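To start, the structure under review is shown below, and the notes come after it.
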Amino acid sequence: MSSEIRVRFAPSPTGYLHIGGARTALFNWLFVRHHGGKLVLRIEDTDLKRNTEEAAAAIYEGLEWLGLNWDEGPHIGGNLGPYFQSQRTEIYERYLKKLQDGGHIFEDQGALRFRSPREHVVVNDLVCGKIDFDLTNPGTHPDMTIRRPDGSWIFHFVNVIDDIEMKISHVIRGEDHLSNTPKHIEIFRALGVSPPNYAHIPLILNRDGSKMSKRDAGAAVSTYIDQGYAPEAVRNYLCLLGWSPKDNREKIDIDEVVKLFELEKINRRNAAFDLDKCFWLNGQYVAQMSLDRFIELARPFLERAKIDISNDKYLREVLAIVKEKIKLFKDVPEWTSYFFTENYEFDSEAVQKVFDKSEAVSRLKALHEEFAKVDKWDFQTLESALKSLAQKLGCKTGDLVHPARVAVSGRSVGPSLYHMLEVMGKERVLKRFDRMMAQLGAK
RNA sequence: GGCGCGUUCGUCUAGUGGUUAGGACACGGCCCUCUCAAGGCCGGUGCACGGGUUCGACUCCCGUACGCGCUGCCA
């Protein structure tokens with residue numbers, strides 16, 4: 001038997017990728033990238049016969065988004081396929097025959113059961129340590145069913161057979177399988193195969209300690225994709241659930257995690273998913289990522305919002321000044337739309353608040369005259385022009401900034417005014433000032 | 001009920017017999033400031049409980065409580 005390290009992520013195609021499943025996949029991925037070896041993706045679709053491909057698509061999408069590439073499985077192929085359990089019936093038949101020949105199987109009302117040897121089974125888990133399970137009492141540990149009367153297979157059996165056939169060396173899975181493990185080991189032994197190494201990782205729960213189900217906020221990886229999280233941030237956050245670099249680092253490069261990752265250092269305690277912290281970490285990533293990466297992640301959201309971003313240079317300039325304000329990429333259109341159209345909306349509350357002061361319009365007018373004289377249209381010049389005008393008028397800087405901001409963007413919040421003005425350009429800015437004044441005068 | 005796993009701030013964690021129990025998120029206050037953020041500074045909150053072992057326990061052992069998991073012809 002080869003000593004190659006082979007692990008697998010074996011999700012059931014439920015139509016979405018659970019955050020806990022993603023973390024399991026991540027730990028498998030980290031383990032195999034750390035040691036060198038192969039990650040197999042296997043779809044466990046024994047029970048759900050309907051549209052597996054469609055339901056599995058969400059899993060592929062989630063894994064790919066997180067950058068968790070697999071070495072064998074759907075889309076990739078491999079020598080030990082097929083990688084869908086629904087297509088492996090002959091293999092299961094063959095192993096069933098072996099067990100039957102060995103006298104390990106009996107029939108019960110049409111279903112087939114595996115006869116337990118009734119012994120103690122010691123699981124030597126890489127995370128949880130040595131655990132002794134007493135399976136001698138049939139009352140508490142009944143013989144497990146491995147095939148239903150209709151011929152369909154039960155998880156425990158096919159899972160083991162596939163791990164044998166796919167030469168899996170380490171089974172890294174959720175702790176919910178820990179109590180199943182001695183039963184699995186019984187099948188390995190009945191087949192004369194030595195069981196793989198096991199590592200049961202703690203579960204991810206809600207903040208209140210309850211189990212995370214599909215409907216809970218943040219349970220599905222797709223929500224992070226839709227909301228515009230940076231995949232590297234979510235992946236980083238997931239690394240920190242049950243594992244730690246032990247040096248107080250929170251933001252840590254994935255290459256570094258690969259280098260440091262060891263199963264033995266994983267916690268045994270279930271972790272609560274803290275969406276606030278995930279959000280914060282995402283903010284760290286967004287703030288520190290390159291402008292190119294930022295544009296790459298922002299682009300699909302802008303396109304979806306049908307914002308005209310055909311001018312590449314302008315897009316780049318706009319995103320450069322907005323970048324520091326963005327937490328989630330889904331917010332990019334909201335923060336930038338007025339840069340790209342003269343048809344931007346005016347927040348009536350902002351207009352009312354800012355232009356409530358009778359001097360506001362005249363100040364805007366004075367600022368217009370001042371800016372019209374500016375030749376060197378950059379943020380430094382604009383800032384000093386505005387500030388010296390404020391001094392001349394005897395008002396606060398903000399008394400000029402706020403009207404200008406509303407005029408030029410329609411709202412009271414946004415990036416640094418001077419940078420906005422620089423990016424928009426003199427002509428556009430003065431035109432917007434004009435329109436604002438006209439609008440207010442007409443009313 | 002039985003079996004298994006777990007228990008350090010609200011949350012994620014560092015800690016492996018002697019620490020003022022450290023960091024991060026969240027929270028409160030202050031500073032900065034053209035808005036919103038960001039950033040900086042300060043602050044409070046924690047070793048589930050009870051027994052041991054030991055000169056000394058967050059750290060080791062036992063028990064209790066609580067949580068989670070398994071106990072399916074779900075995966």
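Keep in mind it's a predicted model, so treat the numbers as computed, not measured. A, B, ... follow the sequence lines: proteins, then strands. Residue 1 opens every chain.
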Look at all strands and tell whether Tyr418(A) reaches a base, only sugar-phosphate, or nothing, counting heavy atoms closer than 4.0 Å. base

Below 4.0 angstrom, which residues in residues 391-403 of chain A have at least one non-hydrogen atom near RNA chain B? Val401(A), His402(A)

The contact string for nucleotides 36-44 of chain B, one letter per nucleotide 5' to 3', using protein heavy atoms under 4.0 Å with B, S and - for base, sugar-phosphate only and none, comes out as BB-S-----

Assign Leu240(A) to base, sugar-phosphate, or nothing according to its heavy-atom contacts below 4.0 angstrom with the strands shown. sugar-phosphate

Strictly by modelled atom types, are Ser116(A) and Glu186(A) linked by a side-chain donor-acceptor pair under 3.5 Å? yes

Asn267(A) near the nucleic acid: base, sugar-phosphate alone, or nothing, with a heavy-atom cut-off under 4.0 Å? sugar-phosphate

Result for side-chain hydrogen bond (donor to acceptor under 3.5 Å, both in side chains) between Arg118(A) and one of Asn137(A), Asp143(A), Thr136(A) points to Asp143(A)

Kindly list each side-chain donor-acceptor pair under 3.5 angstrom involving residues 414-425 of chain A, sequence neighbours excluded, with atom names and distances?
residue	atom	partner	partner atom	Å
Ser416(A)	OG	His419(A)	ND1	2.7
Glu422(A)	OE1	Phe379(A)	N	2.7

What's the CZ-C1' distance between Phe279(A) and rU11(B), to the nearest Å? 17 Å

Please give, in whole Å, the distance from rU13(B) P to Asn236(A) CG? 14 Å

Could you encode protein contacts along nucleotides 66-73 of chain B as a string, one character per nucleotide from 5' to 3', using B for base contact, S for sugar-phosphate-only contact and - for no contact, with a heavy-atom cut-off of under 4.0 Å? --SBSSSB

Can a donor-acceptor pair under 3.5 Å be found between the side-chain atoms of Arg268(A) and the base atoms of rC5(B)? no

Listing request: all ring pair (Phe, Tyr, Trp, His ring centres under 6.0 Å) pairs with a residue in residues 163-183 of chain A, at least two apart in sequence or in separate chains. Phe31(A)-His170(A), Phe155(A)-His177(A)

Tell which nucleotide pairs with rC32(B), taking only Watson-Crick or G-U wobble pairs whose two distances are both under 3.5 angstrom. none

Going by modelled atom types, is there a donor-acceptor pair between the base of rC34(B) and the side chain of Ser416(A) at under 3.5 Å? yes

Do Tyr92(A) and Asp162(A) meet the criterion of a side-chain donor-acceptor pair at a distance under 3.5 Å? yes

Does any donor atom in the side chain of Arg113(A) or Thr145(A) lie under 3.5 Å from an acceptor atom in the other side chain? yes

Any ion pair linking Arg42(A) and Asp163(A) (charged N to carboxylate O, less than 4.0 Å)? yes

With P as the reference atom in both, quote the distance from rG22(B) to rC3(B) in angstrom, rounded to an integer. 40 Å

Could you tell me if His402(A) and Ser412(A) have a donor-acceptor pair between their side chains, going purely by distance under 3.5 Å? no

Classify the side chain of Lys246(A) and the base of rA14(B) as holding, or not holding, a donor-acceptor pair under 3.5 Å. no

The contact string for nucleotides 27-32 of chain B, one letter per nucleotide 5' to 3', using protein heavy atoms under 4.0 Å with B, S and - for base, sugar-phosphate only and none, comes out as ------

Out of rU13(B), rU11(B), rG4(B), which has the shortest distance to the side chain of Ser244(A)? rU13(B)

